[in-house]
Amino acid sequence: MFWADDLAASVDGPQVVNDSKTPSGTVHVGSLRGPVVLDVIVRALRDRGIATTLLYGVDDLDPMDAQALLTPDAVEREMGRPLAHVPDTAGDCHASYARHFAGIFIETFAGLGIHPDRYYWMSDIYPTGEMDPLIRTALDRAQVVRDVLLRVGHVERPDGWLPVHVICPACGKVGTTIARDWDGHTVAYACIPDYVEWARGCGASGRVAPFGGAAKLPWNLEWAAQWSLLGVTIEPCGKDLATAGGSRDRSDALAREVFDREPPLNVPYEFLNIGGRKMSTSKGRGAAAHLMAQVLPPEPLRFLFLRPRPNQAIEFDPEGTDAIPRIFDEVDRIAAAVAGREVKGELPPFPERLYALAQLDPGADHAASAAAYRPAFGHLALLAQIPGVDTAARVAAEKGGPLTPSEELVLAERLRAARVWLDAYAPESARLAVHIDAVPERVGDLTEDERSFLSALAVAAEVDPPGSGDEWQALLFRVARDRDLPAGRAFAALYAAFLGRANGPRAGWLLAGLDARFVLARLRDAGAAGVAELPGPTPAMGASS
RNA sequence: GGGCCGGUAGCUCAACGGUAGAGCAAGUGACUCUUAAUCACUAGGUUGGGGGUUCGAGUCCCCCCCGGCUCACCA
């Protein structure tokens, strides 16, 4: 079975699937793997008739620890405060830094067909008091917490350390406080100036009841507490957390030993690497999730994350490669196979399932959408670069009939993606560039009859200027035939003269889209240019006079 | 040092334990309004190394080598 179906087959009873994220800054495409994996698992469960709830949380009471986006004067003030309390640096009307960045991320979900039943924000939950019983349990069992952290995570806490972070009443920071002396009602806290390197505490101290939003649980414990609070049964997590002795192991042990609850089923998933390296939010040009969504529409983007098993790292390098066109092509190939057409190469296991899960709407007619006509991405990228071409008409002609409304949508989506791809990622070989300034060097490789064809074409076009792509195309063939030059070589000569390469788009339309005087001049120049550069017995003779 | 993933054609990758394939790149050929198109063909491999299980191993087990990511301080 497909991996998600295997997983769904291994559980019984109603399921609560959960994931949460700390919104510390811009998120990159790789971060979308988690949500897609979640969604696919949920679909697989529901397809088996298992009642399933999908939750998505924002850990926005976690301390601010990334100063990249803060102004210098804000660093001292904001670092270490809960993300939910840091003002939105973008100043675009979000209530906080956390709401801004989490919002950008979450907004991509719906576009990917991911629809959690409920979003929750820890900054909303703590003040309600729902976490209080769990905080109390953690404090009562502080020694158990310390033992677990030492045994599982090899982290030793100082004597008297309590598993709670008070939000400093004086400076509002949560990352800089330590708590001691739990008396059943209050704890003693201190906001330490040099407790952590990335933030500076104010030095305040006192006693406070750590409930109702006055304090939060430390990371590993908060995770385990969420499972108890929400009844989570399945929670995937990234491999950075799933490592042995890492966060997940600690939280699993804390769930069992502090909250007396079996932790949820884990589905560790690997990362998406860009060019063999970890994707970096700060350096990764074009790797931001919302940017990638412009060049990879939902279906291929889901496909990218779906096809490999979760524990398999995905190597993805869109920069200057054909990685993006390849994804489209692979989706199309599988769609063709699903629609019953013969395809080359081996298919992945369960292509129908893979195809269906890549679709936005789980309830849609997958057979129909698989059978629909799909213009090849690479071909669209080419058409998009030819001046004056009617793409829709061309694609309809290639299909052999008018496009359906949904096919038109796919075309528009792909055309948009192709333009972004050409602009941001495409290798030079995929870009058409008319050499305006000088005759391309490649013209020097042309044979004499090819060059004279170019000259003759210039003469013919001057006598009776073609007014359209069709007329240019007709003229090309006529001149080539008159001179007994095979059409293939004639076209190659044209591409050499204008594009500096051996092939290109439909030549007539390319020429029709360029300035007529430039075309004539280039044809004459290219027809003459190569001659002088060619060694050999033939004396150089200009095409003129 | 621990964990996870990978090493298969020049490149990118595929192959429920059952004849190692595809795309791109390369080469050859076909094609007179088809021109990074289409079609046909060719070439390219000791599946990182060594053991083991099996009628049969790219696939499963063990040991190495190489690469990547990740954790080990904090969340």
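In what follows, every chain begins at residue 1, and chains take the letters A, B, ... in the order their sequences are listed.
- Ring centroids of A:Phe101 and A:Tyr97 are separated by less than 6.0 Å, placing the two rings close together.
- If you check B:C4 for Watson-Crick or wobble pairing at under 3.5 angstrom, you find it paired to B:G68.
- A:Lys216 comes within 4.0 angstrom of sugar-phosphate atoms only, judged by non-hydrogen atoms across all strands, and of no base.
- Across all strands, A:Arg478 comes closer than 4.0 Å to no nucleic acid atom at all (heavy-atom distances).
- Comparing B:G68 with B:U59, their P atoms sit 24 Å apart, to the nearest whole Å.
- The nearest whole Å value for the distance from the CZ atom in A:Arg309 to the C1' atom in B:G6 is 11 Å.
- Toward the 5' end of RNA chain B, the nearer of the two residues A:Asp329 and A:Thr243, judged by each one's closest nucleotide, is A:Thr243.
- Among A:Phe491, A:Trp472, A:Phe453, the single residue meeting the ring-ring contact (aromatic ring centres under 6.0 Å, His included) criterion with A:Phe477 is A:Phe491.
- In this structure, the ring of A:Phe350 has its center no less than 6.0 angstrom from the ring center of A:Tyr355.
- Of all nucleotides listed (B:C33, B:C16, B:A14), B:C33 comes nearest to the side chain of A:Phe477.
- Minimum atom distance to the side chain of A:Gln312 is reached by B:A14, of the listed B:C33, B:A14, B:C69.
- B:A57 is unpaired under the criterion used here, namely a Watson-Crick or G-U wobble arrangement in which both key atom distances are under 3.5 Å.
- Remark: the separation of the P atoms in B:G27 and B:U32 is 23 Å, to the nearest Å.
- Residue A:Arg326 places its side chain closer to B:U12 than to any other of B:C4, B:U12, B:A14.
- For the C1' atom pair drawn from B:A43 and B:A22, the interatomic distance equals 16 Å after rounding to whole Å.
- For A:Ile334 and B:A15, the CD1 to C1' distance is 13 Å, given to the nearest whole Å.
- Base pairing analysis places B:U38 opposite B:A30; the two distances defining the Watson-Crick or G-U wobble pair are each below 3.5 Å.
- Across the strands present, B:A43 finds no partner; the criterion is a Watson-Crick or G-U wobble pair with both atom distances under 3.5 angstrom.
- The nucleotide whose nearest atom lies closest to any side-chain atom of A:Asp240 is, among B:A14, B:A75, B:C71, B:C71.
- Across all strands shown, B:A22 forms a Watson-Crick or G-U wobble pair with B:U12, both key distances being under 3.5 Å.
- Rounded to a whole angstrom, the distance from the P atom of B:C24 to that of B:G58 is 27 Å.
- Between A:Phe259 and A:Trp227, the distance separating the two ring centers is not shorter than 6.0 angstrom.
- Of the residues near RNA chain B, A:Phe491 and A:Asn220, the one whose nearest nucleotide (by heavy atom distance) lies more toward the 5' end is A:Phe491.
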Produce the list of close N/O pairs, under 3.5 Å, pairing protein atoms with atoms of nucleotides 72-74 of chain B; give distances to one decimal.
{"unit_1": "B:C74", "atom_1": "OP1", "unit_2": "A:Arg157", "atom_2": "NH1", "d": "2.7"}

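- When the C1' atom of B:C33 is taken as reference, atom CG of A:Leu511 falls 14 Å away, rounded to whole Å.
- Distance CG (A:Asp5) to C1' (B:C16): 15 Å, rounded to an integer number of Å.
- The shortest non-hydrogen separation linking A:Leu61 to A:Lys216 is O-CD, 3.2 Å.
- Each of B:G3, B:C5, B:A75 was ranked by its minimum atom distance to the side chain of A:Ala313; first place goes to B:C5.
- Comparing the P positions of B:G3 and B:C61 gives a spacing of 15 Å, expressed to the nearest Å.
- Between A:Phe328 and A:Phe377, the ring planes lie parallel to each other; the angle is under 30°, not in the 30° to 60° tilted range.
- Checking B:A75, B:C5, B:G2 against every side-chain atom of A:Ala244, the shortest atom distance belongs to B:G2.
- Remark: the separation of the C1' atoms in B:A25 and B:U19 is 27 Å, to the nearest Å.
- If you check the side chains of A:Asn18 and A:Tyr120, you find a donor sitting under 3.5 Å from an acceptor.
- Comparing B:G67 with B:U8, their C1' atoms are spaced 15 Å from each other, to the whole Å.
- Distance CZ (A:Phe350) to C1' (B:A15): 13 Å, rounded to an integer number of Å.
- When distances are taken from the side chain of A:Leu241 to each of B:C5, B:A75, B:C4, the shortest belongs to B:A75.
- Under 3.5 Å, the side chains of A:Ser452 and A:Arg483 contain a donor-acceptor pair of N or O atoms.
- Comparing the C1' positions of B:U47 and B:G21 gives an interatomic distance of 12 Å, to the nearest angstrom.
- As a whole-Å value, the separation of A:Trp472 CH2 from B:U32 P is 23 Å.
- Cation-pi geometry between A:Arg248 and A:Trp223 is satisfied (NZ or CZ under 6.0 Å from the ring centre, within 45° of the ring normal).
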